Student: 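Submitted below is the structure of interest, expressed as structure tokens.
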Amino acid sequence: MAADASTGEHQALDPAQYREVMGHYPTGVTVVTGMSTDGQPIGMVVGTFTAVSLDPPLVAFLPTTTSGTYGLMRDSAAYCINVLAHDQLDLCRLMAVPRPGKFDDVPWAPSPYGAPVLENAVAHIHCRPHDVITAGDHYIVLCEVQAMAVNRPATPLLFFQGGYGGFNTRGMSATGDAELIEAVRLADVARPQVEQVARKLGCEATVLVAANDHELTTAVSAYGCNAQVLEPLGSRVPLMPPLGEAYVGWCDEPVIEAWLARASSQDPEVLDKYRRRLAAVKEGGFAVSRQRDDTEPSYADLKDAMREYAAGELTPARERAVRSVIAESSTFFESFDIEDGETYDLGAIVVPVLEESGRVALCLRASQLPRGLDAPTVREWVATLQDAAAAVSRRLRSEGSDEYAAYLHAMPGDFMM
Ligand SMILES: Cc1cc2nc3c(=O)[nH]c(=O)nc-3n(C[C@H](O)[C@H](O)[C@H](O)COP(=O)(O)O)c2cc1C
């Protein structure tokens, strides 16, 4: 029964409307498993799994009172709640039908608590029945948690409006196809110069373009004789300190503030250090990172974290972990003078490509650099990149002007202003 707001009377609720409205609320997908009285593994797909109480630790799931499968495992001494991952849709479909022998082709093992554990599930919650409450046409099966663990920190399978989907951390600010296509077209204007840099320095040379207001994307790459093909195109680089200085350094104050707001520490001293660093990068006209292995995290850890971020599809927990490694890597980006007699292990050199108004259109990056470069070589390589950037800048005003206009047009109105 539902209350009619205008009359205050109760009316019978339309079941279709109940399903339609409830379908707008997404759920995760679990397989609840147990044992039948004759020792067979039993399982059913359950979307109504929920946390109930921390102290004591209780969870619940709601089978229909007519469920034959629940009837078979009602007397099970233990249940295992298997949280399904985004890539377990076939398993979900198999477990959602009322038929015997569902476990024949499914990898599972008995848990020490007495219920079948499904391989590759995101998490396992081992519990035993605590109370069964009849609630209309469903039971609320309250269970006491005995043990629980994350088995595979993958993104979960979700059920929404009668269909399946996955979780995406990029949410509302996800880059649309139109933006990405225009970003790639713009980067292509720089292709001849990027190929030249890669050939001349023997390194990896890449064009970085902003594809939304918080990430750069690698849109064109070329490889010299000493470089390996490592990153696929379209890899994402988060615009958060200490990354993206050669881009943000030339942006207006609101963009700089948004960049600083993404720093993991909001300590005024730390933010001030990043601001000074941006000023130094702008004054020098380039940004460099230095490889160091004697720090925690090491430069190799930073590269791993960036590779993981670039690949996307991170769970929020992994994204937080990856971002924290990036945030702790500011030592690689500290300013230093290039002094004769010294040698340098550089991670990357990045220079901005400026358009007529002084705004940064894109960045050129040289990476996979040999270790132990002497000071004259570092200066020469920075100059090579800056010459290439100046040539791309000229192209943006001539044969690349349409691509640049189309790129700006595809971006949201207040983008990077
Ligand atoms: C995404 C999804 C969520 C489901 N959630 C529930 C649930 O919360 N409770 C329930 O009784 N059945 C649920 N089912 C249906 C059962 O999995 C299915 O009916 C059962 O495994 C086999 O049928 P039986 O219960 O009639 O034996 C769900 C099915 C799917 C596909």
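In each ligand, atom 1 is the first atom listed, and ligand 1 is the first ligand listed. Both backbone and side-chain heavy atoms feed into the values below; hydrogens, waters and symmetry mates do not. Since this is a predicted model, take the numbers as computed values, not measurements.
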Student: Looking only at protein heavy atoms, identify the closest one to atom 29 (C) of ligand 1 and say how far it is in Å.
Tutor: Val45 CG1, 3.9 Å
Student: Does Tyr164 have any ring pair (Phe, Tyr, Trp, His ring centres under 6.0 Å) partners at least two apart in sequence or in another chain, and if so, which?
Tutor: Phe159
Student: Compute whether any side-chain donor of one residue and acceptor of the other, for Ser265 and Asp267, lie under 3.5 angstrom apart.
Tutor: no
Student: Can you name the atoms of ligand 1, numbered from 1 with element, that are less than 4.0 Å from a heavy atom of Tyr164?
Tutor: 1 (C), 31 (C)
Student: Check Phe160 against ligand 1 and report side chain, backbone, both or neither, counting heavy atoms closer than 4.0 Å.
Tutor: neither
Student: Going by the closest heavy atom to atom 26 (O) of ligand 1, which one wins out of Gly71, Gly28, Gly68?
Tutor: Gly68
Student: Just jot down the ligand 1 atoms closer than 4.0 angstrom to any heavy atom of Met95, in number order.
Tutor: 21 (O)
Student: Which residue owns the protein heavy atom closest to atom 23 (O) of ligand 1, what's the atom, and how far is it?
Tutor: Pro98 CB, 3.5 Å
Student: Which is closest to atom 19 (O) of ligand 1 by heavy-atom distance: Ala96, Gly162, Ser67?
Tutor: Ala96
Student: Can you tell which of Thr69, Thr30, Val46 gets a heavy atom nearest to atom 22 (C) of ligand 1?
Tutor: Thr69
Student: For Ser329 and Tyr299, does a side-chain donor sit closer than 3.5 Å to a side-chain acceptor?
Tutor: no
Student: State the atoms of ligand 1, each with its element, that fall below the 4.0 Å cut-off from a heavy-atom position in Leu62.
Tutor: 7 (C), 8 (O), 9 (N), 10 (C), 11 (O)
Student: Return yes if some donor-acceptor pair links the side-chain N/O of Ser76 with the main-chain N/O of Tyr79 below 3.5 Å, else return no.
Tutor: no
Student: Enumerate the atoms of ligand 1 whose separation from the nearest heavy atom of Phe159 is less than 4.0 angstrom.
Tutor: 1 (C)
Student: Passes side-chain hydrogen bond (donor to acceptor under 3.5 Å, both in side chains), Ser401 versus Glu399? Steps please.
Tutor: CA-CA 6 Å; Ser401 62; Glu399 60 258 60; over 6 Å; no
Student: Does Tyr70 have a heavy atom less than 4.0 Å from any atom of ligand 1?
Tutor: no
Student: In terms of residue, atom name and distance, what is the protein heavy atom nearest to atom 3 (C) of ligand 1?
Tutor: Gly47 N, 3.5 Å
Student: For the pair Tyr404 and Tyr407, name the ring-plane relationship: parallel under 30°, tilted 30 to 60°, perpendicular over 60°.
Tutor: parallel
Student: Measure from NZ or CZ of Arg290 to the centre of the six-membered ring of Tyr344 and say whether it is under 6.0 Å with the direction within 45° of the ring axis.
Tutor: no
Student: Within the structure, does Thr64 bring an N/O atom to less than 3.5 angstrom of an N/O atom in ligand 1?
Tutor: yes
Student: Look only at interatomic distance and state if Thr48 has a nitrogen or oxygen under 3.5 Å from any nitrogen or oxygen of ligand 1.
Tutor: yes
Student: Please check if the side chain of Glu328 supplies one atom and the backbone of Glu296 the other of a donor-acceptor pair under 3.5 Å.
Tutor: no
Student: Looking at atom 21 (O) of ligand 1, what's its closest protein heavy atom, distance included?
Tutor: Met44 CB, 3.2 Å
Student: Is there at least one pair of N or O atoms, one from Thr66 and one from ligand 1, spaced under 3.5 Å apart?
Tutor: no
Student: Would you verify whether the NZ or CZ of Arg74 falls within 45 degrees of the ring axis of Tyr139 while also being under 6.0 Å from that six-membered ring's centre?
Tutor: yes
Student: Tell me whether Glu215 is salt-bridged to Arg236, with the criterion being a basic N under 4.0 Å from an acidic carboxylate O.
Tutor: yes
